[in-house]
Structures are given as structure tokens and as C-alpha cells.
Amino acid sequence: MSQTQKLYVGSLPYKTTEDELFQIFSQFGEIISVKIVTDRVTGQSKGFGFVEMSSGDAANKAIESVNGSELGGRTLVVSIARPPQERERGEGGFQRQPRGDRGGRGEGRYRDR
């Protein structure tokens, strides 16, 4: 038996459900899992998701058929998913850098007189 294959599905309409993705991809082979990525705070879809198929053959058939097709007025992008990249814990979107010397000679507004 061949190995499972995870597909990236992008450009999804925000109202697409996991059940709808399941229905679209199940015609090409057995589905192991379906996941639409959502925002942690709002719970709204981010417009992409992943479908894990039971075989590489089924995944390739799905890519050939679904990639470039339309769903809800949007053109779907389907490809083999890349492995997730490692991220260090605690690294948010804002990266604080050391400030170092800000210049000047210490002659600020509240200097000793």
C-alpha cells in the first residue's frame, strides 16, 4: 500500500466547510483527514486548508482535477503540502531588538541644572 499524501488547498472561499472539501476530494480516493485553517481569535477561515489522501495516486488525481477549478467564485490552488517549518516558542510577530546607544550626550529635558 502506498503512503498517505497531504495536499495544500488554497484560495478557498471563507465560507467553505470541511464537509464540502471532503465531498470534493473524496471522488478521487479515500480521505484520511480534512482541516481548514482558522484564525485563533475570531475562528474565521484563513482561506486555506489541508486534505490528507490515502495514497499518492489519489492525491495526484485530485491535484490534476481540482487545481485551477472554481469554488464559490474563486480559483482553487491545490498542491502537495510542504512539511511544517520549525518555529521557536514565544516568537510572535513583533521582534524586539536591543536598542543599544541612542546617541546624544545625555542632555535631555530633565538634566541636572
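Scanning for side chain to side chain contact (heavy atoms under 4.5 Å, CB included) contacts around Lys46 gives Val37, Asp39, Phe48, with sequence neighbours left out.
Heavy atoms only, all atoms of each residue included: Ile36 and Ser45 are closest at CG2-OG, 3.6 Å. Pairing each heavy atom of Arg74 with each of Tyr14, the nearest pair is NH1-CE1, 4.0 Å. The two atoms that bring Gly29 and Ala58 nearest to each other are CA-CB, 3.9 Å, heavy atoms only. Considering every non-hydrogen atom in both Lys15 and Glu20, the closest pair reads O-OE1, 3.7 Å. Nearest heavy-atom pair, Leu7 versus Ala59, reported as atom, atom and distance to 0.1 Å: CD2-CB, 3.8 Å. Shown here for Asn67 and Leu76, the closest heavy-atom pair between the two residues is OD1-O, 3.5 Å.
Taken from CD1 in Ile63 to OH in Tyr8, the straight-line distance is 13.0 Å, to the nearest 0.5 Å. Distance check: Ile24 CD1 to Asp19 CG gives 11.0 Å after rounding to the nearest 0.5 Å. Rounding to the nearest 0.5 angstrom, the gap separating the CE atom in Met53 from the CD atom in Gln3 is 14.5 Å. Note: Ser55 OG to Ile32 CD1 = 9.0 Å, rounded to the nearest 0.5 Å.
Under a 3.5 Å cut-off, the side chain of Gln5 and the backbone N or O of Ile80 do not form any donor-acceptor pair.
Figure legend: cation-pi geometry between Lys61 and Phe28 absent, as NZ or CZ is not positioned both under 6.0 Å from the six-membered ring centre and within 45° of its axis.
In the hydrophobic cluster analysis, where Ile, Leu, Val, Met, Phe, Trp and Tyr join through side-chain heavy atoms closer than 4.5 angstrom, Phe50 is grouped apart from Leu21.
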